[in-house]
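Accompanying notes for the structure given below.
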Amino acid sequence: LCARMREQYPALPEIVDPTGVARHIEDDLLTLFCDAVIAQNIAGNVGSTQRAMALAAIALDRPELTERYLDWLFEPTGGMIPTILVDLVSRDGPSFEAAPGYSRAPNSLVPVADLLRSYAAYDKQDIYRDYPKLKWVFLSTRAYRCLNEVTPMLGDSGKAQHYGDVTNPIDMLISGY
């Protein structure tokens, strides 16, 4: 298969064993992805870019590169985790967004916190330990409820003049407790 691919695409490197395949994935997929995120050529909503970067960096598992990529998560012009959790999350848990769904964007940092905590080779940052406002993210849905029953549908969180119930996924809540 590799030989046929090299015939079709002569610029591909010669890969002769599983170690070569792994090296090719690391060099030509994971590092390129991480560098593109740092260069701001790849971006997504709050949490998605940070989670993708954390996953790629941890999968790469090269101390010098992995640390650099994970450090990016906390840079003010990078993943901005401190800015998000300190400046954009209110003391009640929701972010600055008005719509209940969008105001829960910081919830998407919980999987990043779990990933970093599970990767023993990186202990410079611990989102659970270092950012106490994260605990309010787990409790944020209570800030939306009227009479502890329903959530008004604001912004683009549903139909106008309707009510719903904004909840957090159970796996996220388990991470928080």
Side-chain angles (χ1 to χ4, degrees), residues 22 25-27 29-145 148 151 154-157 165-177:
I25 290 169
E26 291 171 359
D27 293 342
L29 179 66
L30 296 175
T31 56
L32 290 178
F33 170 79
C34 291
D35 290 339
V37 169
I38 289 172
Q40 297 180 345
N41 293 325
I42 297 175
N45 289 335
V46 171
S48 65
T49 305
Q50 291 88 342
R51 184 177 184 183
M53 176 64 105
L55 284 167
I58 290 169
L60 185 60
D61 197 29
R62 290 189 195 164
E64 68 285 350
L65 287 175
T66 297
E67 182 174 344
R68 185 176 121 225
Y69 294 145
L70 294 177
D71 285 346
W72 174 89
L73 296 169
F74 300 91
E75 293 175 4
T77 57
M80 299 175 50
I81 287 175
T83 302
I84 295 164
L85 290 175
V86 174
D87 298 337
L88 302 181
V89 173
S90 77
R91 65 178 179 219
D92 297 321
S95 73
F96 61 92
E97 298 276 2
Y102 280 118
S103 70
R104 290 178 30 232
N107 293 13
S108 59
L109 292 176
V110 171
V112 179
D114 292 339
L115 282 167
L116 292 178
R117 191 168 259 189
S118 71
Y119 186 62
Y122 186 81
D123 59 2
K124 287 171 74 173
Q125 300 276 352
D126 182 331
I127 296 174
Y128 288 111
R129 178 193 68 215
D130 301 336
Y131 299 94
K133 269 194 183 176
L134 185 65
K135 76 176 180 180
W136 294 109
V137 169
F138 294 99
L139 303 170
S140 65
T141 57
R142 70 189 172 110
Y144 315 122
R145 290 203 187 102
N148 207 25
T151 305
L154 306 170
D156 58 355
S157 289
D165 188 23
V166 176
T167 59
N168 285 322
I170 191 70
D171 57 333
M172 187 192 124
L173 293 173
I174 289 170
S175 291
Y177 297 96

Residue pair Leu109 / Gly47: nearest heavy atoms and the distance that separates them
CD2-CA, 3.9 Å
Measure from the side-chain N and O atoms of Ser108 to the backbone N and O of Val46, and report whether any donor-acceptor pair falls under 3.5 Å.
yes
Apply the test side chain to side chain contact (heavy atoms under 4.5 Å, CB included) to residues Tyr128 and Val110: give CA-CA distance (whole Å), side-chain angles for both, the deciding distance (0.1 Å), then the verdict.
CA-CA 9 Å; Tyr128 288 111; Val110 171; 3.6 Å; yes
Evaluate the criterion side chain to side chain contact (heavy atoms under 4.5 Å, CB included) for residue pair Ile127 and Leu73; output intermediate values, then yes/no.
CA-CA 11 Å; Ile127 296 174; Leu73 296 169; over 6 Å; no
Under 4.0 Å between a side-chain nitrogen and a carboxylate oxygen: does that hold for Asp130 and Lys124?
no
Would you compute the distance between atom CD1 of Ile58 and atom CG of Leu30 and round it to the nearest 0.5 angstrom?
11.5 Å
Calculate, to the nearest 0.5 Å, the distance between atoms CH2 and CG belonging to Trp72 and Leu70 respectively.
11.0 Å
Looking at Thr66 and Asp61, would you say the former's side chain and the latter's main chain have a donor-acceptor pair under 3.5 Å?
yes
When rounded to the nearest 0.5 angstrom, what distance separates OH in Tyr131 from CZ in Phe74?
5.5 Å
So, for Ile84 and Gln50, which heavy atoms are closest and what is the spacing to 0.1 Å?
CD1-NE2, 3.6 Å
Working to the nearest 0.5 Å, report the span between CD of Glu64 and OH of Tyr69.
9.5 Å
dist Arg68:CZ -> Arg62:CZ (nearest 0.5 Å) comes out at 11.5 Å
How far apart are the C-alpha atoms of Asp123 and Arg129, what are their side-chain angles, what is the distance that settles it, and do they pass the salt bridge (Lys or Arg N to Asp or Glu O under 4.0 Å) test?
CA-CA 11 Å; Asp123 59 2; Arg129 178 193 68 215; over 6 Å; no
Closest approach of Ile42 and Thr49, non-hydrogen atoms and distance?
O-CG2, 4.3 Å
Taking every non-hydrogen atom, the tightest pair across Ser175 and Asp114
OG-OD2, 2.7 Å
Heavy atoms only: give me the nearest Lys133-Val86 pair and the separation to one decimal.
NZ-O, 2.8 Å
With side chains defined as the heavy atoms from C-beta onward, is the minimum distance between Met53 and Ile38 less than 4.5 Å?
yes
Between the CD1 atom in Ile25 and the CG atom in Leu32, the distance rounded to the nearest 0.5 Å is 12.5 Å
Do you know which two heavy atoms are closest between Cys34 and Ala57, and how far apart they sit?
SG-N, 4.1 Å
